[in-house]
Amino acid sequence: MRSILIANDDGINAEGLIRLAALARELGEVWVVAPDSQRSAASHAISLHSHVDVYPHTFPVEGVRAYSCTGTPADCVRVGALSIMPHRPDIVLSGINAGYNVATDIQYSGTAGAAFEGAFQGCLSIAVSEQASSCGEVADRYLPELLAELMEQKLGYGQIFNVNIPGCPLSEFRGILRDRAVSRGMFYRDRYKKTADLPNGGIRLEVDGLYNENCEPDTDFRAVIENYISIGIVNNFS
């Protein structure tokens, strides 16, 4: 039986993590090591100058051994693969993230960062994301067979599968598009707005992104906004 390590960036109690663990339980032995709280946009950061605390965690999926971790999503994969599990996992799954990880947003993604760490540890790694407001119908119907399919494939060093699932109902779902290129676009064109004046001439700024759907054809970004599942291979470095 294959061993599967699952992490995420939304935290140990996130609905998407629980759903992914329940699906993966049908495909192998499942371990979960996930952040103790929200760690979105952590990218591939790891903890080098501070300690990481890991605690057993009561998890709502029978047969899954789970731990919360004070570190980043990538830390979770590292401590899971190198310390918590009795052996290195065969598969690393990251997600299900609440919100797409496509286009240039991938570089900031803690979901992708955890999957990339899994790839660096020599494991086949798959990042899974879906529209934040998703009803879950498309993922529930298609994700089990997609995971089973991708788990049988091979990737090069530093590569991950990146799966993004639209949040539309099944009646509006248009199909699965494989080999999607990573778009150079972005869902939000970021700018900053001032929210306060601070002492000594300082200012407080917050991101104030402008929603955008302009993107190239045949990309991950285009696929999800047109209600397709997007599957692509993303390279880090080799």
Side-chain angles (χ1 to χ4, degrees), residues 7-11 14-17 34-48 71-77 94-120 125-135 139 158-168 177 180-237:
N8 73 346
D9 69 359
D10 291 324
E15 178 189 4
L17 177 75
D36 60 359
S37 59
Q38 176 62 248
R39 297 285 195 283
S40 290
S43 189
H44 198 164
I46 61 173
S47 300
L48 290 180
T72 67
D75 283 331
C76 292
V77 174
S94 183
I96 301 171
N97 187 65
Y100 294 133
N101 281 303
V102 299
T104 56
D105 291 340
I106 293 172
Q107 66 187 318
Y108 304 112
S109 167
T111 303
F116 278 125
E117 183 58 40
F120 290 170
S125 297
I126 306 169
V128 183
S129 305
E130 69 180 347
Q131 185 175 318
S133 58
S134 175
C135 64
Q159 293 183 325
I160 65 170
F161 283 117
N162 190 37
V163 178
N164 282 272
I165 302 170
C168 61
L177 295 177
R180 294 301 92 184
V182 177
S183 170
R184 296 183 180 181
M186 60 195 73
F187 264 109
Y188 288 89
R189 300 190 185 280
D190 285 342
R191 60 183 181 177
Y192 284 83
K193 64 180 179 180
K194 184 175 74 170
T195 60
D197 290 304
L198 303 175
N200 302 316
I203 57 173
R204 179 169 295 154
L205 300 172
E206 290 183 3
V207 172
D208 182 29
L210 299 174
Y211 187 75
N212 165 67
E213 286 191 358
N214 294 323
C215 57
E216 314 91 324
D218 302 320
T219 61
D220 53 1
F221 193 168
R222 176 59 62 189
V224 294
I225 64 175
E226 294 183 349
N227 287 346
Y228 291 94
I229 289 177
S230 169
I231 302 175
I233 296 173
V234 182
N235 299 285
N236 197 317
F237 68 85

In Å, rounded to the nearest 0.5 Å, how long is the span from CZ of R222 to CD of E213?
8.0 Å
On a heavy-atom basis, which atom in A34 and which in N8 lie closest, and how many Å separate them?
CB-OD1, 3.4 Å
Measuring only between side-chain heavy atoms, which start at C-beta, is I225 closer than 4.5 Å to F187?
yes
I106 vs N162 side-chain heavy atoms within contact, under 4.5 Å:
yes
Mind checking whether Q131 and V224 have side chains closer than 4.5 Å, heavy atoms only?
no
Measuring only between side-chain heavy atoms, which start at C-beta, is V234 closer than 4.5 Å to V182?
yes
Is it true that atom CD of E15 has more than 12 heavy atoms of other residues, nucleotides or ligands lying nearer than 6.0 Å?
no
Do D220 and S230 have side-chain atoms, one donor and one acceptor, less than 3.5 Å apart?
no
Tightest non-hydrogen contact, residues A139 and E130, listed as CB-OE1, 3.5 Å
Could you state the interatomic distance from CD (Q107) to OG (S43), rounded to the nearest 0.5 Å?
7.5 Å
Answer yes if the side chains of S47 and D75 hold a donor-acceptor pair under 3.5 Å, and no otherwise.
yes
Could you tell me if the side chain of D105 sits less than 4.5 Å from the side chain of M186, heavy atoms only?
yes
Can you check whether K193 reaches T195 side chain to side chain, under 4.5 Å on heavy atoms?
yes
Between D9 and R39, is there a salt bridge with N-O shorter than 4.0 Å?
no
Return the CG to CG distance between N101 and N164, rounded to the nearest 0.5 Å.
6.0 Å
Show the nearest heavy-atom pair for residues C76 and P35, with the distance to one decimal.
SG-N, 3.4 Å
Of all residues at least two apart in sequence or in a different chain, which pass the side chain to side chain donor-acceptor pair (under 3.5 Å) check with R189?
N212
Are D10 and L17 side-chain neighbours, meaning at least one heavy-atom pair lies under 4.5 Å?
no
So, for C135 and C168, which heavy atoms are closest and what is the spacing to 0.1 Å?
SG-O, 3.8 Å
Min side-chain heavy-atom separation N236-H44 under 4.5 Å:
yes
For the residue pair L205 and K194, what are the closest heavy atoms and their distance?
CD2-CA, 3.8 Å
Of the non-hydrogen atoms in A127 and A115, which two are nearest, and what is the gap between them?
CB-CB, 4.0 Å
Is it the case that the ring center of Y100 lies less than 6.0 angstrom away from the ring center of F221?
no
Quick one: salt bridge (Lys or Arg N to Asp or Glu O under 4.0 Å) partners of E216, sequence neighbours excluded?
none
